[in-house]
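Have a look at the structure below before the remarks.
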Amino acid sequence: MTYAKAHPVRLIGGRLALDFANTADWSDEGQIVHEKIETLDDLRTWLDALKLTPATLPEDVRQLHRFRADIRALLRGGTNTATLAPAALIDPAMFGTGKTVATGQSLETLIAVSAMSILMDKRERERLKMCPAHDCGWLFIDETKNSRRRWCSMETCGNRAKATRHYARQKTPQKREEN
């Protein structure tokens, strides 16, 4: 499944709120480097990949982009929570009903509940990591036994880092020989 500009939908965060934050690539300074959800059709593609059908969607993706920035800041320990009102977003009736959580809930509510479940669980908070790759900044829960996962995805960021290190090692001896 791909977004309109042929970028694949990748769900690697392990939680809805993290996959939502990962719908953009982020610079080290927290600026968006590459936007994945540029239109409501892109949003629908992402939701289809998740097999999620919330009751309501935002009318404008810009509203969703602001919400995403707030969610990401909250998950990273920031205080930019102006658009989040967790108590007002969570409908207590959705718990314990045995129904799909998405029934009757807005996308923002589902994402806020996901983010709060991460923040309320000490183990999840401790295993929440950010990919160190340049211009990635994706968030994920490290669920490995020894908590040593480093990259959002070994197939992309991990392999690029390994290739860069390999290239640097190969190039270094040549410079010494020339001197």
Self-check item: Residues forming a side chain to side chain donor-acceptor pair (under 3.5 Å) with Gln31, sequence neighbours excluded
Solution: none

Self-check item: Sequence-distant partners of Ser117, side chain to side chain donor-acceptor pair (under 3.5 Å), two or more places apart
Solution: none

With [X] via salt bridge (charged side-chain N to carboxylate O under 4.0 Å, His left out) - residues at least two apart:
X      : value
Lys122 : Glu126
Asp28  : none
Arg149 : none
Glu35  : Arg68

For a quick test of your reading: what N or O donor-acceptor pairs under 3.5 Å do the side chains of residues 3-10 make, sequence neighbours left out?
| unit_1 | atom_1 | unit_2 | atom_2 | d |
| --- | --- | --- | --- | --- |
| Lys5 | NZ | Glu38 | OE1 | 3.3 |
| His7 | NE2 | His34 | NE2 | 3.1 |
| Arg10 | NH2 | Thr156 | OG1 | 3.1 |

Quiz prompt | Residue pairs passing the side chain to side chain donor-acceptor pair (under 3.5 Å) test where at least one lies in residues 130-141, sequence neighbours excluded | solution = Asp25-Trp138

Can you find a pair of side-chain heavy atoms, one from [X] and one from [Y], that are under 4.5 Å apart?
X      : Y      : answer
Trp151 : Cys136 : no
Leu139 : Arg72  : yes
Pro54  : Leu52  : yes

Quiz prompt | Point-to-point distance, once rounded to the nearest 0.5 Å, from CE of Met1 to CG of Leu11 | solution = 9.5 Å

Quiz item: If you round to the nearest 0.5 Å, how far is CH2 of Trp46 from CG of Asp19?
Solution: 6.5 Å

Self-check item: Shared hydrophobic cluster, Leu16 / Leu74 (ILVMFWY, side-chain heavy atoms < 4.5 Å)
Solution: yes

Quiz item: Looking only at atom types and distance, does a side-chain atom of Asn22 sit under 3.5 Å from a main-chain N or O of Ile12, one as donor and one as acceptor?
Solution: no

Mind checking side chain to side chain contact (heavy atoms under 4.5 Å, CB included) for [X] and listing every partner two or more places apart, or none if nothing turns up?
X      : result
Ala17  : Ile71, Leu75, Ile111, Ser114, Ala115, Ile118
Arg148 : Asn146
Arg123 : Asp121, Arg127

Quiz item: Can you pull the salt bridge (charged side-chain N to carboxylate O under 4.0 Å, His left out) pairs that have at least one residue in residues 39-48, sequence neighbours excluded?
Solution: Asp41-Arg44

